[in-house]
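One structure below.
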Amino acid sequence: MIAKIEQLLREVEALEAGNAEEVEALRIKYLSKKGAINALMADFRAVPAEQKKEVGMRLNELKTKAQEKIAALKDAFDSQDTHAGDLDLTRTAYPVGLGTRHPLSIVRSEIIDIFARQGFSIAEGPEVEDDLHVYTKLNFAADHPARDMQDTFFIDVNEQDVTRNIILRSHTSSVQVRSMEHAQPPIRIICPGRVYRNEAISYRAHCFFHQVEGLYVDKGVSFTDLKQVLLLFAQEMFGPDTKIRLRPSYFPFTEPSAEMDISCNICGGKGCPFCKHTGWVEILGCGMVDPAVLDACGIDSKVYSGYALGMGIERIANLKYRVSDLRLFSENDVRFLREFEAAY
Ligand code: DAH
């Protein structure tokens, strides 16, 4: 009898099952009324009285072991079953949350597209720049008051040589310089990028924003060419009825310089609060590249001439989408960004 119990004990300890049905089969084999352990119980009656105590204990031990083992096997499959029960394979999939393009990206690509169709290619330059490329080669003298036009972030100040100062670029005109240093005309480039200025953040100013710079240098480039490109840009960007006007202005790197206005795209030029009842809104700066800039960048100003233009992407986006607070562009509030879902 003891030998039989021990054999069953070993069997029970080694039990394994591949699924819930197999566990049930084992339960029937060992623990049911007609199972192996109950059969032993029946034999117990015939055990001599003096052995009853020991055999009884071993038998109980076997039964507990078998119950525990089979319960453990059952548990393993039950917990899997619970998950399987949760799965509803007929359910439709969760919608994938598609992001939206940022309004500044939308406007930037639109600007690039318009200029690309006129033969401009994209050029890029570093945001961490030196004074030489941001100011000096663009004809800003060391003590020139024009340097005050941009409130620069300084990273590394060189007391001996101001042109070696490491700064965050305050305009994308620095990319003009890099492009002219590295290539001879014809140069026809558009440079989109982020720029930095040490400004207090408010609804109308930020310490960083985005610009697009344009440059065309070749033999015989004239102000007429510039005007033609600007008119085409304005009409493609704001509609075929858009008019432009150029007002004389000053930039150290262009001579002559101008600021361009477009007829107010909100009132159509009649006058409204947005254009301060003038019918015009300013959108960019431009001019003929100053010969001193061409020469500083290794291009012979007696042979070549060029025009340049620069605009703020936020400004154009404002005109298109009327965003009243500049800070919205950099706060990534999804409620704002979702408004541009349908754009482009
Ligand atoms: N760099 C000027 C600014 O940040 C914008 C600008 C004006 C760029 C005239 C030009 C230009 O290329 O010709 O205010």
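This one's a predicted model, so the numbers in the text were calculated from it and none came from an experiment. These values consider heavy atoms only, across backbone and side chains, with no hydrogens, waters or symmetry-generated copies. For ligands, and for the atoms within them, numbers begin at 1 and follow the listed sequence.
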* **Ion pair R27/E24, N-O distance below 4.0 Å** => yes

In this structure, does ligand 1 have an atom that sits under 4.0 Å from one of the heavy atoms of [X]?
{"X": "E259", "result": "no"}
{"X": "Q176", "result": "yes"}
{"X": "F253", "result": "yes"}

Where ligand 1 meets [X] - atom numbers and elements under 4.0 angstrom, heavy-atom basis:
{"X": "R197", "answer": "3 (C), 4 (O), 14 (O)"}
{"X": "G287", "answer": "13 (O)"}
{"X": "Q211", "answer": "3 (C), 4 (O)"}
{"X": "E213", "answer": "8 (C), 10 (C), 12 (O)"}
{"X": "A308", "answer": "12 (O), 13 (O)"}
{"X": "G285", "answer": "7 (C), 9 (C), 11 (C)"}
{"X": "T254", "answer": "13 (O)"}

Does only the side chain of [X] get under 4.0 Å from ligand 1, or the backbone, or both, or neither? Count heavy atoms.
{"X": "S173", "value": "side chain"}
{"X": "M288", "value": "neither"}
{"X": "L309", "value": "backbone"}

* pair F253-K137: side-chain heavy atoms closer than 4.5 Å -> no

* Is there a side-chain contact between D225 and S222, using heavy atoms and a 4.5 Å cut-off? -> yes

* Parallel, tilted or perpendicular: which describes the rings of Y135 and H171, with under 30° parallel and over 60° perpendicular? -> tilted

* Classify the side-chain pair Y30/E11 by whether it contains a donor and acceptor separated by less than 3.5 Å. => yes

* To do: Go through the steps for R247 and E282 under the test salt bridge (Lys or Arg N to Asp or Glu O under 4.0 Å), then give the verdict.
  => CA-CA 10 Å; R247 283 178 292 105; E282 184 196 319; 3.8 Å; yes

Exam field: side chain [X] to backbone [Y], donor-acceptor pair closer than 3.5 Å:
{"X": "R164", "Y": "E159", "answer": "no"}
{"X": "Q235", "Y": "T242", "answer": "yes"}
{"X": "E213", "Y": "C191", "answer": "no"}

* Please say whether S170 places an N or O atom under 3.5 Å from an N or O atom belonging to ligand 1. => no

